[in-house]
Amino acid sequence: MSWITLTSTHLKSRLAEDELDAIEETGGGDGDRLTGILAQVTSLVRAKVAACHRNVMGDAGLIPDECLHAAVTIAKHDVRASLPSTGSDDEGDLRREEYRNAMTFLNDVAKCEIGIENDGGTINGRDSGCYGGDAKHDF
């Protein structure tokens with residue numbers, strides 16, 4: 001897999017029309033707020049990947065393609081949280097669960113339970129064809 005830049009296009013493809021309208025109305029379309037959220041989520045993902053001592057980090061500002069879904073889910077949550085609230089806004093059970101699953105995924109990456117493929121075609125320093133990707137001996 002490759003390392004990619006988390007962009008507003010990734011995020012906007014996962015937002016509902018009314019959410020996109022609300023972002024534009026509040027001046028956050030491609031402005032400082034959205035740019036800041038994407039940078040914060042990128043830093044979070046990179047920190048989780050770096051926490052596993054076996055991962056080989058990609059270039060600064062990039063995230064592993066394997067983490068894109070989790071990154072966009074977290075960014076979507078953060079963007080929605082930054083919008084003005086009417087007091088009746090509720091993400092709902094599905095979105096809360098999606099966010100929890102994204103954070104669990106990144107925590108599993110940090111604990112080396114999910115491998116990140118590097119440019120050499122290996123996962124966590126092992127050949128990507130290994131069974132289950134689990135190290136039998138971790139030194």
Side-chain angles (χ1 to χ4, degrees):
M1 290 275 165
S2 60
W3 285 64
I4 59 173
T5 301
L6 179 61
T7 67
S8 61
T9 303
H10 292 125
L11 177 60
K12 289 178 180 180
S13 71
R14 298 263 315 278
L15 290 170
E17 191 68 34
D18 61 334
E19 293 169 322
L20 288 170
D21 292 343
I23 291 169
E24 293 299 327
E25 288 172 13
T26 60
D30 282 318
D32 291 340
R33 181 176 359 126
L34 187 55
T35 300
I37 288 171
L38 294 174
Q40 290 168 355
V41 172
T42 296
S43 293
L44 171 68
V45 171
R46 289 182 60 81
K48 294 292 188 175
V49 172
C52 175
H53 65 280
R54 295 182 297 214
N55 286 332
V56 178
M57 295 299 292
D59 292 337
L62 302 179
I63 63 169
D65 191 44
E66 296 98 327
C67 296
L68 179 60
H69 183 269
V72 172
T73 298
I74 294 165
K76 180 172 67 171
H77 173 271
D78 291 355
V79 164
R80 286 181 46 86
S82 76
L83 295 174
S85 175
T86 63
S88 63
D89 294 339
D90 181 18
E91 283 202 316
D93 291 338
L94 289 176
R95 285 200 169 181
R96 279 191 293 274
E97 185 66 20
E98 181 183 44
Y99 176 79
R100 280 192 293 268
N101 289 340
M103 291 302 296
T104 297
F105 175 86
L106 292 180
N107 289 333
D108 288 347
V109 168
K111 293 186 284 188
C112 300
E113 293 177 5
I114 295 176
I116 300 299
E117 187 173 320
N118 67 28
D119 290 337
T122 62
I123 297 176
N124 290 343
R126 294 184 301 274
D127 187 13
S128 60
C130 65
Y131 179 74
D134 294 330
K136 302 305 175 200
H137 303 285
D138 191 11
F139 300 100

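Just so you know, these numbers use all the heavy atoms, side chains as well, and skip hydrogens, waters and symmetry mates.
A 4.5 Å side-chain heavy-atom check between His77 and Arg80 finds every atom pair outside the cut-off. Residues Tyr99 and Leu94 fail the side-chain proximity criterion, which asks for heavy atoms closer than 4.5 Å.
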Side chain to side chain donor-acceptor pair (under 3.5 Å), that's the test. Do Arg95 and Thr73 meet it? Break it down for me. CA-CA 9 Å; Arg95 285 200 169 181; Thr73 298; over 6 Å; no
Apply the test side-chain contact (heavy atoms from CB on, under 4.5 Å) to residues Ile114 and Phe105: give CA-CA distance (whole Å), side-chain angles for both, the deciding distance (0.1 Å), then the verdict. CA-CA 8 Å; Ile114 295 176; Phe105 175 86; 3.4 Å; yes
Given side-chain contact (heavy atoms from CB on, under 4.5 Å), test Val45 with Gln40 step by step and report yes or no. CA-CA 9 Å; Val45 171; Gln40 290 168 355; over 6 Å; no
Step by step, would you call Lys111 with Cys52 a side-chain contact (heavy atoms from CB on, under 4.5 Å)? CA-CA 6 Å; Lys111 293 186 284 188; Cys52 175; over 6 Å; no
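For the atom pair Met57 CE and Ile63 CD1, the distance stands at 10.5 Å (nearest 0.5 Å). Rounding to the nearest 0.5 angstrom, the gap separating the CD1 atom in Ile4 from the CG atom in Asp59 is 13.5 Å. For the atom pair His69 NE2 and Arg14 CZ, the distance stands at 4.0 Å (nearest 0.5 Å). Rounded to the nearest 0.5 Å, atoms CG (Leu38) and OG (Ser8) are 6.5 Å apart. With values rounded to the nearest 0.5 angstrom, Glu98 atom CD is found 10.0 Å from Ile74 atom CD1. Expressed to the nearest 0.5 Å, how far CD1 of Ile116 lies from SG of Cys67 amounts to 4.0 Å.
Take Thr42 and apply the side-chain hydrogen bond (donor to acceptor under 3.5 Å, both in side chains) test, not counting sequence neighbours, and it matches no residue.
Asn55 places a side-chain N or O within donor-acceptor distance of the main-chain N or O of Val49, the cut-off being under 3.5 Å. Between the side chain of Arg46 and the backbone N or O of Leu62, at least one donor-acceptor pair lies under 3.5 Å. Glu117 places no side-chain N or O within 3.5 Å of a backbone atom of Ser2 that could act as its donor or acceptor partner.
Here the closest non-hydrogen pair linking Arg54 and Cys112 is NH2-CB, 2.8 Å.
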